[in-house]
Every structure is written in C-alpha cells, then in structure tokens.
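Written out below as structure tokens is the structure these notes cover.
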Amino acid sequence: MNSNYEKSAQLLERAKKVLASGVSSEFRKYNHPHALFYTHGKGTRIYDVDGNEYLDFTLSQGPLILGHSHPEVLQAVHDYSAQGQLYAGQHLQEIELAEKLNELIPSAELMRFCLDGSEAVQTAFRVARAKTGRQKFLRFEGHYHGWLDNVAYGISAPSAEALGDREDPNVFPWTAGLPDSSRADFIVLPWNDLDLVSRTLEERHEELAAIITEPIMCNNGCIVPKEGFLAGLRDLCNRYGIALIFDEVITGFRVGLGGAQRHFGITPDLSIFAKAMGSGYPISAVVGKRDWMELIEQGKVIHAGTMNSGNPTVAAALATIRVLEREMPYDRMYRLGQQLMAGLREAASEAGQNLVVQGLGPMFVTYFGNEGELTDYRDTFHADKGKLNRFIAGLHDEGIRVIGRGLWYISAAHTEADIADAIAASARVLARL
Ligand SMILES: Cc1ncc(COP(=O)(O)O)c(C=O)c1O
C-alpha cells in the first residue's frame, strides 16, 4: 500500500513558490492526494520521490505506448542526437518518418511535423479555411482538441441541463482570457447524432470549413462512434466540400498502426497524430490528402516552428514505430485490455458495485452509474464522479495509476501478471468503496 506522500508534499510547497500551482500543465494538478513528483519510470512501472511504486495505466496521458524508458527508443534518441540536435534544415530520418506515416496512415499523402497536438490541430484548421474560403469549424461536445483559444469551449459544462437544446447547445468557455472573437470560430453539437449534423449542415454548410472529431471519443468516456456515424460525416463533408478532420492524438498508433481511420475504414481529409507516435518526445504530425495539404506546399498556408522535427523527437518516433511494426503488439494489447475489462466487471459484480467498463481494450473507461453505456458527452453526467474519485484514489494507494477521469491505457509492455495484479487490487478497492 502507498500511503506516504510526504516528500512530494514538501516539493510541491517548494515548487508552488515559483511554478504556478507547482505544475507545468493544468491536468497535473489533479493527482491523488496532490500533484506528485516522480524519480523514474521503467516498463509498466513509475516511481515517486517517496519510494512508492505504481503499475502505470496512464502511460503519461497516452504517449508511452511501449512503456517507460524503452531501451531501443532511448538508444535511437541518444545516437541521432549525438550527431546533431536541430539544424534549421532537413535531415534523413525526417524523410524516413514521413515515408513511414505515408505508408501506414490512409490519409497521409502529405504532412508536416509539429511539436504537439494543439498546434497541429490549428494547422489543420488553417488549411481547411484556406481551401474552402469559409471560417468556422464544427466540433462536438466533450471532445478535446488542445488548450488553444478557439478549441477552449465545449469541453465541459456544469450539468447536462445547462447544455440545453441539442440543436443549439449552450457553450461554456473552459478558461478565462479567451478573446471574444474566438467564440465566432465554431459551431458545437452533441456527438454521435448523424441526423442532427445532417440537418445543421443543410442550413449552415456555407459557414463551415471543417468538421473535427475524435474518431473514438476518449476525452469524456471512451465511446466508439455509432454504426455509420463516421461514414455519414464523410459523405456530408464530400457533399458540401467541407474538410473532415480526425483528431487522432489519442487513437493514433493506439488502436492500430494506421490509427482509427484504418480501423474504421474511413479516410478523413486531414488528421492529427501526436502522443503515442513519439514515446513521450514532443512530436506531432498534421497529415492529409494532397489536395488539401498542397496549400502548404504552394506557400498559400504558412506552417512553421523553430523546434519542429528536431533529431531527438524524430528519432524517438521512428524507433517507436519500428518497434511497433516489428513486434505488432496490437492483438496482445486488445486481448490484455479486454481481459482487464472483463476482470473489472467481474470484481465489481462480486462487490455489488455499479461499475461500468466501456471501450476497445487498448484504452477503456471505468465509471459508476446505472444507466448503461455512454453514447455522448451528455450521458457522462449520469455517472457518479465522487465514487469514481474514491475508486481512482483507492487504486492509487494500492499502487495502480489510472487517469483521474477513469481512462486506462494498455501498453505493449503490460503483461498477464500486470493485468492480474490490477484486477486483484481493483477487487480490494471495490470491496471497500
Ligand atoms: C484528442 C486530443 N486532441 C488534441 C490534444 C492536444 O494535444 P497536446 O496536449 O499534445 O497539445 C489532446 C491532448 O490530450 C487530445 O487528447
């Protein structure tokens, strides 16, 4: 049992004097029992300054698809960085990485590398606006597309009722400090309702440059699209000349080597890859069909960045993909994930707990509720968030680290023994809840 977080508490007090809230990303504030300080990670384990060990299902919010400190990734980063770090120019592995994405991802005819998901999303919007000559994008309630101004709305709401009319939802800003003008950039709708999107587009398609969606909704729940939803979006975008953008920041290299677009057989015009592509190094890609991305080629759309495609990040991505291609861990990740999902359901049923487990396997969500599976953001308000917090905190004290909103990620490093440990610990916590 982990119960001593004293050194982390002391470091947090020291950090708060110079780092706002002691952290460098908002989400890191919300750990149990407070923001923690870590010393190292290896494979499926991560260790904090108090000597606590955790079996890690957060994978650092998704990137660590091979687990912590994969030796081949570290070696590749070391070797390629020893040659140079950043050239303000091109290098060989950058082409190799682009060729690899082109081979694996159906829509990746042409691409650019960036540093993170947030800026790659904005690049896709710029391309879509430039090509269509229209200004707005359509986004969905509860989806997350980064922290920048025009996507910092519609991520959360005080209650399902507060969201109001499904046809014309109330939209809540996520943060203070947004320019009034950013509110005019988008339309928001509930997800997974093709009929509603279709009716909205009939009236408003002339305003829209793009529809952006997480192809599997992972930022609130872990919800697969309804049969025909993504294909329907594809048809509507074709009909009205709108860019279909898949935000594959989570699904990319997680549901398979070609992302959700290969998994579902729907090819978007533009898409974003980040997290699992780079094993924890800051690299993302905005990829797309040539007739969209060529606007960058033609110099009509500008995309830039001093730090883009530096040696360490490109080497990390190439090595990650090389290991994934060689070991093809996906069948195993699905199997282990589904084993864990089944084990959690069984443990919950034995403990008489209303735990719902939903997802594909490589990622899934746990929450407490009596209303069945989630289909969109509005459904998430049925869940008992207080009980989920107690479950996640209980797991944490048992040495099992899960993302606070109940999201679990499986890596290629997880073993049968890890899954058994996680089920046993969950059973103990569920019995105590
Ligand atoms: C679906 C999705 N899109 C975009 C982002 C933003 O990516 P980043 O945090 O790398 O800027 C995230 C981050 O969690 C995400 O989950």
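Hydrogens, waters and symmetry mates are skipped; everything else that's a heavy atom, side chains included, is used. Order of listing sets the numbers, starting from 1, for every ligand and every atom in it. Since the structure is predicted, the reported quantities are computational estimates derived from the model, not experimental observations.
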Inset, instruction - Taking atom types as modelled, find out whether Tyr87 and Asn311 have a side-chain donor-acceptor pair closer than 3.5 angstrom. - result: yes
Legend entry - Non-hydrogen atom of Lys275 closer than 4.0 Å to ligand 1: yes
Legend entry - Contact atoms of ligand 1, heavy-atom distance to Gly146 under 4.0 Å: 4 (C), 5 (C), 6 (C)
Inset, instruction - Heavy-atom contacts with Ile250 under 4.0 Å: which atoms of ligand 1 show up? List them by number with element. - result: 16 (O)
Inset, instruction - Among all protein heavy atoms, pick the one closest to atom 9 (O) of ligand 1 and tell me residue, atom and distance. - result: Ser118 OG, 4.4 Å
Inset, instruction - Distance to 0.1 Å, residue and atom name: give those for the protein heavy atom nearest to atom 16 (O) of ligand 1. - result: Asn219 ND2, 3.0 Å
Legend entry - Option from Leu233, Ile187, Asn192, Thr213 for which side-chain contact (heavy atoms from CB on, under 4.5 Å) with Val197 holds: Leu233
Inset, instruction - Answer yes or no for Arg345 and Phe364: cation-pi contact, defined as NZ/CZ to six-membered ring centre under 6.0 Å and angle to ring axis within 45°. - result: no
Can you give the donor-acceptor pairs under 3.5 Å from side chains of residues 176-183 to other protein atoms, not counting sequence neighbours?
unit_1: Ser182; atom_1: OG; unit_2: Tyr153; atom_2: OH; d: 2.7
unit_1: Ser182; atom_1: OG; unit_2: Pro179; atom_2: O; d: 2.6

Legend entry - Asp291 side-chain N/O to Glu294 backbone N/O, donor-acceptor pair under 3.5 Å: no
Inset, instruction - Can you establish whether the number of heavy atoms outside Arg126 located under 6.0 Å from its atom CZ is more than 12? - result: no
Legend entry - Numbered atoms of ligand 1 (with element) below 4.0 Å of Asp116, judged on heavy atoms: 10 (O), 11 (O)
Legend entry - Ligand-residue contact atoms, ligand 1 with His145, heavy atoms, under 4.0 Å: 3 (N), 4 (C)
Inset, instruction - Specify the protein heavy atom at minimum distance from atom 2 (C) of ligand 1: its residue, its atom name, and the distance to 0.1 Å. - result: Tyr144 O, 3.2 Å
Inset, instruction - Considering only non-hydrogen protein atoms, determine which one is nearest to atom 3 (N) of ligand 1 and report residue, atom name and distance to 0.1 Å. - result: Asp247 OD2, 2.6 Å
Legend entry - Protein contact to atom 7 (O) of ligand 1 [nearest heavy atom, distance to 0.1 Å]: Gly117 CA, 3.4 Å
Legend entry - Check: Ala108 main-chain N/O paired with Asn102 side-chain donor or acceptor under 3.5 Å: yes
